[in-house]
Every structure is written in structure tokens, then in C-alpha cells.
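For reference, the structure discussed in these notes is given below.
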Amino acid sequence: MDDTPGSGQDFPVIARFEVRRRSYLAPDGAPLRALPSFASDLDLLLALYRGMVLTRTFDLKAVALQRTGRLGTYAVSLGQEAVSIGVASAMREADVLLPSYRDNAALLWRGVKMEEILLYWGGDERGNCSSGPPHDFPFCVPVGSQAPHAAGVAYAFRLRKEPRVAVCLFGDGATSKGDVWEAMNFAGVWKLPLVFVANNNQWAISVPLKLQTASATLAQKAIAAGFAGEQVDGNDVLAVRAAAEEAIAAARAGGGPRLIEAVTYRLGDHTTADDAARYRPPEEVQARWKEEPITRLRSYLVSRKAWGKSQEEQLAAECQERVEAAVERYLATGPRAPQTMFDHLYAELPAVYA
Amino acid sequence: MDDTPGSGQDFPVIARFEVRRRSYLAPDGAPLRALPSFASDLDLLLALYRGMVLTRTFDLKAVALQRTGRLGTYAVSLGQEAVSIGVASAMREADVLLPSYRDNAALLWRGVKMEEILLYWGGDERGNCSSGPPHDFPFCVPVGSQAPHAAGVAYAFRLRKEPRVAVCLFGDGATSKGDVWEAMNFAGVWKLPLVFVANNNQWAISVPLKLQTASATLAQKAIAAGFAGEQVDGNDVLAVRAAAEEAIAAARAGGGPRLIEAVTYRLGDHTTADDAARYRPPEEVQARWKEEPITRLRSYLVSRKAWGKSQEEQLAAECQERVEAAVERYLATGPRAPQTMFDHLYAELPAVYA
Amino acid sequence: MPELTLVEAVNLALARAMADDADVVVLGEDVGVNGGVFRATAGLQRRFGPERVVDTPLAELLISGLCVGMAAQGLKPVGEIQFMGFLYPCIDQLVNHASRLRHRTQGRLTCPMVLRTPYGAGIRAPEHHSESTEVMLAHIPGLRVVVPSSPERAYGLLLAAIRDPDPVVFLEPTRIYRAVKGEVEDDGEALPLDVAFVLREGRDVTLIAWGAMLKETLAAADALADEGIAAEVIDLATLKPYDEETILASVAKTGRCVVVHEAARTAGFGAEIAALIAERGLLSLLAPVARVTGYDTIVPLPRLEQHYLPSVDRVMAAARKVVGFG
Amino acid sequence: MPELTLVEAVNLALARAMADDADVVVLGEDVGVNGGVFRATAGLQRRFGPERVVDTPLAELLISGLCVGMAAQGLKPVGEIQFMGFLYPCIDQLVNHASRLRHRTQGRLTCPMVLRTPYGAGIRAPEHHSESTEVMLAHIPGLRVVVPSSPERAYGLLLAAIRDPDPVVFLEPTRIYRAVKGEVEDDGEALPLDVAFVLREGRDVTLIAWGAMLKETLAAADALADEGIAAEVIDLATLKPYDEETILASVAKTGRCVVVHEAARTAGFGAEIAALIAERGLLSLLAPVARVTGYDTIVPLPRLEQHYLPSVDRVMAAARKVVGFG
Ligand SMILES: Cc1ncc(C[n+]2csc(CCOP(=O)(O)OP(=O)(O)O)c2C)c(N)n1
Ligand SMILES: Cc1ncc(C[n+]2csc(CCOP(=O)(O)OP(=O)(O)O)c2C)c(N)n1
Ligand SMILES: [Mg+2]
Ligand SMILES: [Mg+2]
């Protein structure tokens, strides 16, 4: 702190801030400290685990579909499953999710069907008219542009005194966008029931975090908007879930917004249109595999004797089967008539276009 | 700090920040602590004083011109003269100023002629082709939109290894704009020679600071961009000048950007098109007159026996005279031919428009 | 019936919509205590409270993005952008979200928002306060773009815009905010969007304009009448989607057309109208379609802005020319 | 002479400009090590260093604003926006600053910047990656808007854009980034801006297009020739300011015109061309000016996008119709 301006002189300190980092499980699954209370609910932990494994199975299948020409560009969440699952699992159905394009895990958790997600990335608008909560937002492609929507949604909750919370996910790259900034600032002023989650996977396509921002953490960006930020180990689904639970509860209780920085790593290419080998060494990726969330939770579950080889095999088979069935439904979805491109342009097509 | 997320548990603190407030002179002009070294230079202090008085004389005259139909909408800097003067006086000629629309004082200090400023607000583009340093930017009207320019200018200095600094001024309202955010973030990444100055005059037209942002200080917004912010008493020209001097020197030396929040008060209406009585009580304004910068510096100068009644009268007369002379030159500026509206649209007018 | 200015009619429509429907929320810079820099929202905050008449931070992108989020939740937000010159940061939200939220979710989420902004030159305002780039918005599928030209139409069209289930950009011509008065009954009756208004019938030439330019256009029609030229005057009012049939029917009758707008000429909305006629009305055309517009340059600061704006004379000259053609 | 794709020609021009002029700086998202998501900047960072080939944070407004600041200092920044769908946050900087910096300072500060972006549909890309809203930019006085349609023109026009003393938006048609090859000599020769290219002469009908639509338009012209219709094909190339004379001269000869663009129809740039002809070429017109365009709807996701884009058939049908008219 000695380099703060004026620190050599006797000017009074008028504001102090700090950022903490939350984690429960070490990369090898060993508890680092007392676990959050929900961790005693084994069914919940197993559900989190299943959610992550299903997501990964789905993701890998989607890539395979893309590689064989049966899907468009696709963004995997490989290695980041804990962030979306941890956050989504802390939400209520009535809450509103505003995801980025990489939050498959959250969508699946909230009831969106796999074939719908495939339909979307397969180039069909019907994928967005999904089976998840009807008030949830679809994937957002223009980076960060969903943040102001989240503030609008949360404002509606506040105005109508509904005990609901908006949850907005975005990447480290998105934190550089003015959109996110303006939304955070507004959320601070109105103490909105809104939780921002920055998925810090270290990369925005080829741009590493250090070229994205000089801030030591992303969590501290909340300080600028007058509310608190917290960093969590984003590969520790318990940490993500606990932080999200606390933040959502606080927001629901009128405590205002919070920013959660979930530190994780993008193990895959940015999308199927990307080749990450061009800009980052395979060794870096290799090293990060040691920290990934699925093995971590499994190790913990195994250590609690709650999981074993046979369950793992069964789960793998089950996920595979569900994914394959969904793929079949996706591939069987018939084409749409060209003129449907005018459907839903307006509530009623203006006469002049008819 | 007890409400930081995770503070109830033993999660480690990974980042700490603090913001200090710099001030030297109390509202009554009494020194609060050891003054900055430049304060021993009486000529400089007198120059600062003269600059502020000239600005105020000019501002009041401009309002009078507007009221009598001889000038367009005009934004006075009444009560805020110390910010612009303090900052401008810390700059070198080769540095680049990127002002807001309320920084008359800075422009005048940098050599822009009063009649040019009048010409601009009188509705004539020639006012922007001014006698100040040719590389300075003109007033910026779209709030905050000059901040990315400042980053571009500072980037050019860095690239060319020129020992120059860009100085960007904006208001408290501007800190809500994504433009400012994006520029600050970029300046942090590239450690640009760029000093941001937030003129916190408590109001953005009718919107008070507490509806503008929930952050306790504007200075702390720099934390989000990974560099330091400092609050200064913006009615204390010594504090502004000292903070600007330090920040500019640091930036010139490669230390990267800094944000200075200068806390002051808009004693006047937002512009001549505004009636502040509609939204803020006269008592509030009255109370703030006790803190304004000109009386403060004068009290200090008087206490140092460096100033007295006769000098004051002489200065008043001199300022009046200079302003009147400028007004005369302004009013004598002839009209332009209508077709000059096509001048400087492009370097050469495309044939198709000729 | 009281005589109101256009800006008062806007205020009346806002008050009416807010009183009728608790979902209507007004938001923007200075719209609260201050009642808007043009007083369009005067009195609303006192009446409906600071949560329904929201003074936002200074951030236009935010205002438009908030509207999208609120609208998706079923509110009917009416955002104000202080001047059209500050609306550009909203374009991303308008193009990428507001205009297509319904389409991209196939009707699951909708966006019943209105974004209002004063627009146009001629009020001796500072730099960046004289924009009329309506064509940029009128090109965007999924939006509606509406421009009133009288107090009555301001009231009725704004009510329609607020009630419309889709996003509407509502452009209020600053130059005639107070320059025209008209009787406005606060009957809660909306006017149709998508329909152009024939303000004056005539058989010699069709003059088409919108917003503040109707002032010069109607004045030109008056003066042309003295010269024996009967001009039909159409207020396009809704630019997107626009009423092609009224235009074509009029040109079928007159055979001659002058489009008037203050925006820059190249690729202004006048081009669309001329193109429509060149495509579907060519056979009725007895003369080239003339465009009387602002010039392809930066709108000059006040000292020259009157030379930039189309004048009554320029409209008349164009009308005379097409009438005298061939 | 090597055969290059259009995107390789862009790369070549950038390298050439950077080698020739130390003031040229390339900036944008992923333009560095990664060489751009379309590889347009491949190899530049290795050759010219990370300070002249700058990977910016993810912030488009910033990129455009940085360009203005750099340009005011005499650099010649070439910003890249990853897709046109992400260019909207730049519009504020383009309209309020880039296009008028010279004008508002009466020549004291200037803005020799280029903003490049891939644009257009047809590459099976995700949502928001198929924009062609070029008309929004072409309406703005003080800007230049340039669209190459071949490797040669990409090279020559980009060099011209970078050397131009004023701001240029350079739109690169994604659909033909790699679909066409052509011989490009790296001779540092710029092509003229403000001039349309007559790619094919013909006397029966004028087909006007730009960017990727030249592909369908030229194919249509080929097929029309088989039917005995001699189409003249004009690549407009520079949309702002655009070459009116070449268009008028061609229409004076052919008497018939079809404008082709993939952008939505209403108030697209085709309207401007039709309006020009309706105003200054009416007497030569033997048939209505036809516009073959994208539809007034959101560009559909890949499954339907081919139905959105004007096809060779649609261009031919329009050409036959105007040729057969009257
Ligand atoms: C506004 C905008 N600019 C550019 C892009 C192209 N793009 C897609 S993803 C991406 C990187 C995003 O990085 P980050 O926010 O960290 O999210 P991540 O992909 O790592 O999950 C970019 C530049 C976009 N989608 N939106
Ligand atoms: C982008 C933008 N939005 C709105 C306006 C209209 N406007 C002019 S000044 C102002 C308030 C600015 O407040 P602040 O930044 O605190 O500066 P101050 O006027 O107090 O010096 C507003 C809203 C503008 N000029 N630019
Ligand atoms: Mg990332
Ligand atoms: Mg202020």
C-alpha cells in the first residue's frame, strides 16, 4: 500500500477495501477448512457432480458433432463446469439467469434440453425458445451486453417487491466492456437484487488476463461500483456454490448486488472455430488439468466413500445415453419453412411486410 | 470491512486497497499541514490566484452575454476554478489536455484566448481552432467520450517514447459512462502516461452524486483498473496542483496512470439553460460558498502578507478589462459564408460534393 | 380542450400512460425532480414516485439496456435520451437486443420498450445537440421509429408507442417542442402507428416530411397555393415500418413528389421514399423525385445552422421545379 | 504474381503499410499472437512487435476511441472489430468524433484512422455474426466507407484507406474472404477511393453491387449473357462518398438498373442509388429501378440464412423483369 498517492504524507485514509478468496477443496479434493453447511447434503453434492459430468459429456459430443459438420461453431465449457453449475444450483426457479454463451452447464441445470442447445448452435432460432424457466435469457453472444439487461430485470424485481434475484454471468474479457461497468454501477446505486459472476478463465480467445486488465483481481472491480466483490476458486464447486448462495441470499434480502470472481481455466479451445495452440503452450493447459473441477469433487466424494468406480461407470453410461438420445432428437428436428424467418419479428407482422 | 463476503470465515485476504484525501488549506485559508514545496514560490501562487480570478470574471461575463442574447448556452465553472487551474498549471506545454466542456480555466491557462471560447459557445467552429497548444483537444460535449481519446494520445506517447503526458478531465457524472471505464482499464494495462481527473462537483445537472454511484469515493474507481486513485480537496488549489504534479511526474516517469478525484461543488447552474433552483435548495449552495477556492487562496495569501486590498482591486480591474477587450473582439468577429460549412469536412472536398 | 405545446403533449401522454398502467416506468438522466431538460417529464416523479420515474446515472447504453431487461420482465419502460447526439451508445442494444429479443427467442421474451429522444437542429444548441440520424434506426428490422409533428400526434402516437408490444424509438422534434400549439384532449386515445397522415390534400405535387420539417413544408404548401400549385402534404409520422400505400396513392394522383428532411442527404430516409417511388410508382411519375434535405456535412454550430436546414424557399423551389418539369 | 485470397490480400496490405510507415499501428481483439480470428493480421505482431500490433482488451468503443486519440497525435491506427455485429459500440465515436474531428477543429486536429471489420452473412456463423448494416455508416458525413470485392481491390483499397487523411470504415466481406482468389502484386499501389469499378460492360441493364454480393451479381451477369441480356456490372466499392457519375453514365446507357445488397431492404444503401437515379437519371430510365436485397427481418441463423441472402436467381429475375419492362 505504500505506493498509494499521498501515502508519504500524513493525508488521512478515507476508504479501505479488501478482497478475500474463498476455497474449500484443494485440487486433490482434500478439504482446506470447514466446508459450507450444504456439503453435509450428500444428494446435493452428487447432483452437482452429475451436473458437471453431464455437461462435459454433452460438450465433448457437441464438439464431435461440429467436427463432423452436424453443428455450427460451438463454445465448450471444458474445465469450467463448476462455475455454471455452482451458480445455477444456488438459484431458485423464479430467479432469472442471464448467461454468457459458455454457460451450457447452467442452462442444463435450469431445465433447458440438450437438443435445444444443439438446435441453437446448429443454427435454428427455436433453440432459444427453450424448456428452461421462461423468464431466463438465452445465451448472450455480444460480450457483456447482457449485464444491463440483468440490471433491468433486477430493477423490475425491486419495483414489484418480488423476492427474486437476477444472476448474470460473463467472462474475464467482458469485464473490460463498458456495458458491465454501467450495469454494476447502477446496481450499486439501487442496491439491486443482482449477482454478477465473472468467470475468470484466464483467456478471452487469445488475449490473456494480463492484457485484459491490470487489476490484481476481477473481484475488486466491484469496489468501483460501491459494493463487495469476492474471489472464489472456480474449480471448486463448493466454493462457487457457497459464494453464490450467500450472495443470492443477501441480494434477496435487500442487501444489494455482489460480484463473484470465479477463477478457473479454459481447458478447451475458445470455440470450435479456434485453435488455442496458436497462442498458448500445451504445457500451460496440461498443468491446469490438475486443477479441474470434476476430478476434484470426485476425489472428495471418494474420500467420503460416497462415490466409487461402479457409480462412475454407471454415470458415464447414463450421461452418454442421455446425450445420444438428445442428439438424435436434435438431428431429427425437421427444417423450417423459409418464411418463418418473419415469424416473431413483431407481435404482428406489419401489413406492409405481409 | 466486516461485511466483505467471506469475512466471517477464515478465507485469506488477497488484496487490500485504501484511498487517501489530500488537502492543505482549510476553508478559511489556514494551512492544515506542511505545504507542498511549490508553495514557497509566491509568484506561482499569485499566478494560480490570478488564473482563478480571471476565469471567474470571464465566466460571469459569459453568462451576462448569454442572458442578453449574445452567446449561446454556456457552462460556468463557478466554484470549481481550482480544479482546472490546479491541473493545467501542473502540465507542460507538450502535454495534451483533454478537457470537458466546463474546463474554461484550464483552456485559458494553456493559452486559449477568451474570444475563442466565446466564439465556440457563440456557435462558431472557429473557436475550436484555438491559440492553445495545437495538440490539445477542444471541449468535449458528449460526456466521458474524450477518455478513450486520452488513452489513444497517451498510447502514442508511449509508442514514440515521448516524455509527454495526457491529462483528461471529466465530471462525476462521466464516471458512470462505460467510455471512462474502458479507457481507464486500458491505461492500466499499458501503464500509459495518462492522468485522469474526476471533477466531483456533486451534481450531474440535477442528479446528485448518490444517485450517480454508490462508491464512497470516485477515487476508488481506479482500483478496478489496477492503479491508484486519490481524493483531493478540489477547492484547495494547492492540493489539486500538488496531486496533479505528482501524478503527472509519475506518469512521465513511466509509472503509469493515476486517477485524481477533486471534490468541489458546482456553485452555479449546470448551464445557462438550467435552473438549479428546481432541484437543489439554495441553502445547500449558500453553505458551499464558504468552501470556494478563490476566497480560500486569497485568505492564505493575505495571511502571508502577499496580497491585500489594493492588489485585489487592481486585479479585478485588470481582469475586467481583459475580459471586456476579449468580448469586444468576439463581438467584432464577422460572420462566415454559409458554404464554409463544407470546409474541413474532409482534407479535400470529394468531387461529388463540389 | 386545452391548447398544449408538443412537449406538453408528450408530458400528458406519459402521465396518462403511467396512470393507466402500473407497468409503465420512465427512466433517464434528469427525468425526476428536474422533470427533464426539456420538461417533458415534469411533475411525473412527484406524482408517481422516484421508483417509477427514475433518475439514472449518466449512461445511455445503460438506459437502453435497462429498458430491454425491464421489458423482458413485462414492464413497459420509457427511456429518455437527453439529446439524439447521445443516443449512439444505445444503438448496440437497439440492434443486437431490443429489435430482436422477440425474434431470437421465438416469442418467449418480448421487448415492449420506448426510447424517447429530442432530435433535430435549429434551437441554437451547442455541439452534438442537433442530430437527426433517424435513418440509422429506420433501417433496423424489428424496431418501430415514430416522429410526431404536432401536439395531437405527439400525444396519440406516444400512447400508441408505449402500448405497442414491440420496441419503439420515439423522436421528438426539438425545434417545434414549443413552436406549435394544438388542442389535445386527454382521452387516452392512441393514434395508429404505421399510418401516414395526409395533412393537406392537393393534386399537383406530393410533399412528404416528418417532424419539425412539417413546419416549413406546410408553410411552403400555403405559399405554393398562392402561386396556384396545390400541394398534398404527407406527415410520414412512422418511419419504420412506413406506410408505402399512402405515399404511392398520393404520387399516383399528383405524379410529382418532393421529400423533405433535415438529415444529411446521402442515404437519408428520403432516399428510401424516392426508391419506393422509383420502383413501384415509376409509371405515375411525371417528374424526378426531388429531395430537399440537410447537406452532407456536419451540422454547423448555431451561427450557420439555419443555412443547413431546408428552408421554405428550398421546398418551394423544388416543388416548382418538379411541377414545371417536362 | 501470387494468387491470394481476399483475407490474404488484406494481410499483405497491412504488412505493406506497416513496413512503409512507422506511424501505422494495428489494434484490436486477438490481432496479435493469434493473428486475428480470420487471420487477417497473421504474422504482423511477430514482424512489427506487440506495441505496433496491439491486442486490446475486449472493448469495441475503446478500440474506436483509441484510434481517434492516436490519429489526433499523427499515428495512423488501423483498428479491427472482430465482426460487424460488435461494431455498434463504435458508432458514437465514429459519428461524434472521428467523422468530425477535422471539421470541429477547423483542420487543427485530424483523424486519419481506419476501422476494419469483417461483415455479412453466409458463413454459417452464430448469432450477431451476420450483420451488413453498412448504410448506417454511409449516412455519416465526414466518414469514408469502403468495401472491397476482390483480393486486388482489397489490397489497393486498404492501402488507400490507410493513407487517406480522414477516417475510413473498411468492411471486409466475410463470405468471400477465402472464396475468391486473385493475383495481387505487392507493389504498394493504392486504388482510388470515391471511384466505382465497372467490372463488366453491357448495354441492356446495369447491375450495381458491392462486397460479397458481386459474386452472385457477376454470376447472374454470366447467366444473363447466355439469355442474350448484356449486363453491365458495377462494383460500387466506396459507398461514402460514392461515385454518382459512373452510375448515372451507366444507366444513361442501359436505361435499366438493379441494385443488389444483402442488407435489409428498407433504407438500405440501395435506396440511395435508386433515389439518385430517380432524381438525376429519370429521363434515361426505361424501367423501374429494382432492388434485390436481404429482407426486412433479423438475419436468420445458419439454417435459413441462404434463404435470406439474395441469390443468383433473384438477381436474374429482377434483371429480366426490368429488361422486359414496358
Ligand atoms: C462485444 C463482443 N466483441 C467481440 C466478440 C467476439 N468474441 C467472442 S468471445 C470473445 C472472448 C470473450 O472472452 P471472455 O469474456 O473472457 O469469455 P470466455 O470466452 O473466456 O468465456 C470474443 C472477443 C463478441 N462476441 N462480443
Ligand atoms: C453522453 C452524454 N449524455 C448526456 C449529456 C447531457 N449532459 C450534459 S452535461 C450533463 C451532466 C454531466 O455531469 P458531470 O459529468 O458531473 O459534469 P458537470 O456538468 O457536473 O461538470 C449531461 C447529462 C451529454 N452531454 N453527454
Ligand atoms: Mg475468458
Ligand atoms: Mg458533476
>> If you count heavy atoms of other groups shown closer than 6.0 angstrom to NZ of D:K181, is the number above 12?
In response: yes
> Do other residues, nucleotides or ligands put more than 12 heavy atoms under 6.0 Å from A:E284 CD?
Replying inline: yes
Is it the side chain or the backbone of [X] that comes within 4.5 Å of chain D heavy atoms, both, or neither?
{"X": "A:L209", "answer": "neither"}
{"X": "A:V143", "answer": "side chain"}
{"X": "A:Y120", "answer": "both"}

> How would you list, by chain and number, every residue that makes a side-chain contact (heavy atoms from CB on, under 4.5 Å) with D:P126, sequence neighbours excluded?
Replying inline: A:T73, A:W121, D:H129
Out of [options], which one racks up the most heavy-atom pairs below 4.5 Å with chain A?
{"options": "D:E29, D:R303, D:R124", "answer": "D:R303"}
{"options": "D:D296, D:V299, D:L301, D:L62", "answer": "D:L301"}
{"options": "D:T297, D:L304, D:I298", "answer": "D:T297"}
{"options": "D:V33, D:V37, D:N34", "answer": "D:N34"}

Side chain, backbone, both or neither of [X] within contact of chain A (heavy atoms, under 4.5 Å):
{"X": "D:P50", "answer": "neither"}
{"X": "D:Q82", "answer": "side chain"}
{"X": "D:F83", "answer": "neither"}

>> Can you tell me how far apart NE2 (D:H128) and OH (A:Y101) are? Round to the nearest 0.5 Å.
In response: 12.5 Å
> How long is the span from the OH atom in D:Y88 to the OG atom in A:S145, to the nearest 0.5 Å?
Replying inline: 12.5 Å
>> Are there residues of residues 62-70 of chain A whose heavy atoms fall under 4.5 Å of chain D's heavy atoms? If so, which?
In response: none
> Do any of residues 330-345 of chain A come closer than 4.5 Å to chain D, heavy atom to heavy atom, and if so which ones, in number order?
Replying inline: A:Y330, A:T333, A:G334, A:P335, A:R336, A:A337, A:P338, A:T340, A:M341, A:F342, A:L345
>> Applying side-chain contact (heavy atoms from CB on, under 4.5 Å) to A:R278 and D:R39, what does each step give before you reach the verdict?
In response: CA-CA 11 Å; A:R278 277 210 297 260; D:R39 326 281 305 121; 3.3 Å; yes
> Of the non-hydrogen atoms in D:E127 and A:V141, which two are nearest, and what is the gap between them?
Replying inline: O-CG1, 3.5 Å
> Which atom pair, heavy atoms only, marks the closest approach of D:P89 to A:K177?
Replying inline: CG-NZ, 3.7 Å
> Which residues from residues 51-61 of chain D are near chain A, with near meaning under 4.5 Å between non-hydrogen atoms?
Replying inline: D:D55, D:T56, D:P57, D:L58, D:A59, D:E60
